[in-house]
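We use all heavy atoms of the structure for the numbers below, so side chains are in, but hydrogens, waters and symmetry mates are not.
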Amino acid sequence: MMILSAVAGFGLATAAIAQQGPGFSLGETVGAALGDGLVLRSVDEERLFRDSRFGQRVQAEIDAASRALEDENAALLAELTAREEELTGLRETLSPEEFRAQAEAFDQRADTIRQDQAQKLARFSQFEESERRRFFARTGAILQQVLQEEGAQILIAARAVIIGIPEMDMTGAAIEAIDDALGDGGAPPFPLTVP
C-alpha cells in the first residue's frame, strides 16, 4: 500500500513539474539552455572507454584470450572424454581397488582442470577492471581540457542527466582527445596471458 502511494505521489509530482515548466517534461530534451551561469557537459563513461582506442585494444585482448581459452577447453574436454571412455572399458579387466584408484585420479584431474579454467576466466574480468582503472586514471586531465574547450565548467555522467540537450554530451570530443593523447594505452602493466 505504501509503495503504491509513493509511486502515485511521484507521478503527481512529475505531472506538476511538467505543468509548471516551459513545456518540457522528464525524459524529453529541451532546445536551449535556460539562463546564464555555469555550463554543464555530460560524458557517457561506458562509451568513453568502449569506443576509445584504449578500450578497443582491451576488448581485442580479451576476445583473443577468450578464443584461446575456448580452444583449450575443447581440447581438455576431448582428453577427459577419451579417458572416461578408456576407464569404462577397463572396468571389466581391473580389480575393484585398481579401478577405484584410477577413477578417483580421473575425478581429481577433472576437478583440477575445472578450477584452473575457472581461474583463467576470472582473470579476464580482473584484467578488464585493471585496465579500466588505468584508463580513467589517465583521462582526468584530458577531460578537463576538453571541458574547457567546450566552454563548460562542470562535467557529469550521462546517466545522471534527466533533461538535457544533445549538445550537452561531449563524449565524442572526449574520445578524440583521449585517442590523440593515449592511443591504445600501450602495454598493460599486468598483461592478460593467453592459455
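Counting only residues at least two apart or on different chains, the salt bridge (Lys or Arg N to Asp or Glu O under 4.0 Å) pairs with a member in residues 76-85 are Glu79-Arg109, Arg83-Glu86.
With respect to Glu46 and Arg159, no salt bridge is recorded, no charged nitrogen being found less than 4.0 Å from a carboxylate O.
Atom CD of Glu92 has 12 or fewer heavy atoms from other residues, nucleotides or ligands within 6.0 Å. The 12-atom threshold is exceeded at CZ of Phe136, counting heavy atoms of other residues, nucleotides or ligands nearer than 6.0 Å.
Atoms CD and CZ, on Glu45 and Arg50 in that order, are 12.5 Å from each other to the nearest 0.5 Å. Atom-to-atom distance recorded for Leu192:CG and Glu61:CD is 7.0 Å, nearest 0.5 angstrom. Here the OG atom belonging to Ser42 is positioned 11.0 Å from the CD atom belonging to Glu167, to the nearest 0.5 angstrom. Note that the CD atom of Gln102 and the CG atom of Leu94 stand 5.5 Å from one another [nearest 0.5 Å]. Ser130 OG to Arg123 CZ: the interatomic distance, rounded to the nearest 0.5 Å, is 13.5 Å.
The aromatic rings of Phe49 and Phe54 sit tilted relative to each other, their planes meeting at an angle between 30° and 60°.
Residues Leu76 and Leu87 share a hydrophobic cluster, clusters being chains of Ile/Leu/Val/Met/Phe/Trp/Tyr side chains in contact below 4.5 Å. Note: the hydrophobic cluster containing Leu121 also contains Val58 (ILVMFWY, side chain heavy atoms under 4.5 Å, direct or indirect links). Residues Leu48 and Leu155 share a hydrophobic cluster, clusters being chains of Ile/Leu/Val/Met/Phe/Trp/Tyr side chains in contact below 4.5 Å. Side-chain heavy atoms closer than 4.5 Å link hydrophobic residues (I, L, V, M, F, W, Y) into clusters, and following such links, possibly through other members, connects Leu182 to Phe127.
The closest side-chain heavy-atom distance from Ile178 to Ile175 is not below 4.5 Å. Looking only at side-chain heavy atoms (C-beta outward), Glu72 and Lys120 come within less than 4.5 Å of each other. Val43 has its side chain out of reach of Val146: every pair of non-hydrogen atoms, C-beta onward, lies at least 4.5 Å apart. Side chains of Pro189 and Glu131 form a contact here, defined as non-hydrogen atoms less than 4.5 Å apart. Side-chain contact between Arg67 and Asp63: present, with at least one pair of heavy atoms (C-beta onward) separated by less than 4.5 Å.
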Please test Val39 against Glu150 for side chain to side chain contact (heavy atoms under 4.5 Å, CB included), starting from the C-alpha separation and ending with a verdict.
CA-CA 9 Å; Val39 178; Glu150 294 270 324; over 6 Å; no
Just do the side chain to side chain contact (heavy atoms under 4.5 Å, CB included) check on Leu77 and Asn73 with the steps written out, would you?
CA-CA 6 Å; Leu77 179 61; Asn73 284 341; over 6 Å; no
Would you please test Gln115 and Asp111 for side chain to side chain donor-acceptor pair (under 3.5 Å) and show each step?
CA-CA 6 Å; Gln115 290 172 9; Asp111 285 343; 5.9 Å; no
Side chain to side chain contact (heavy atoms under 4.5 Å, CB included) assessment of Arg41 paired with Leu143
CA-CA 11 Å; Arg41 288 291 181 264; Leu143 291 173; over 6 Å; no
What verdict does the side chain to side chain contact (heavy atoms under 4.5 Å, CB included) test give for Val161 and Leu40, after you've listed the backbone C-alpha separation in whole Å, the side-chain angles of each residue and the deciding distance to 0.1 Å?
CA-CA 10 Å; Val161 175; Leu40 296 171; over 6 Å; no
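Arg57 places a side-chain N or O within donor-acceptor distance of the main-chain N or O of Asp184, the cut-off being under 3.5 Å. With Arg134 contributing its side chain and Gly185 its backbone, the two residues share a donor-acceptor pair below 3.5 Å. Checked by atom type and distance alone, the side chain of Gln56 pairs as donor or acceptor with a backbone atom of Asp51 at under 3.5 Å. A donor-acceptor contact shorter than 3.5 Å is absent between the side chain of Thr139 and the backbone of Ile142. A donor-acceptor pair is defined here as one N or O able to donate and one able to accept, closer than 3.5 Å; such a pair exists between the side chain of Asp179 and the backbone of Arg53.
In the model, Gln108 has no side-chain atom that pairs as donor or acceptor with a side-chain atom of Glu104 under 3.5 Å.
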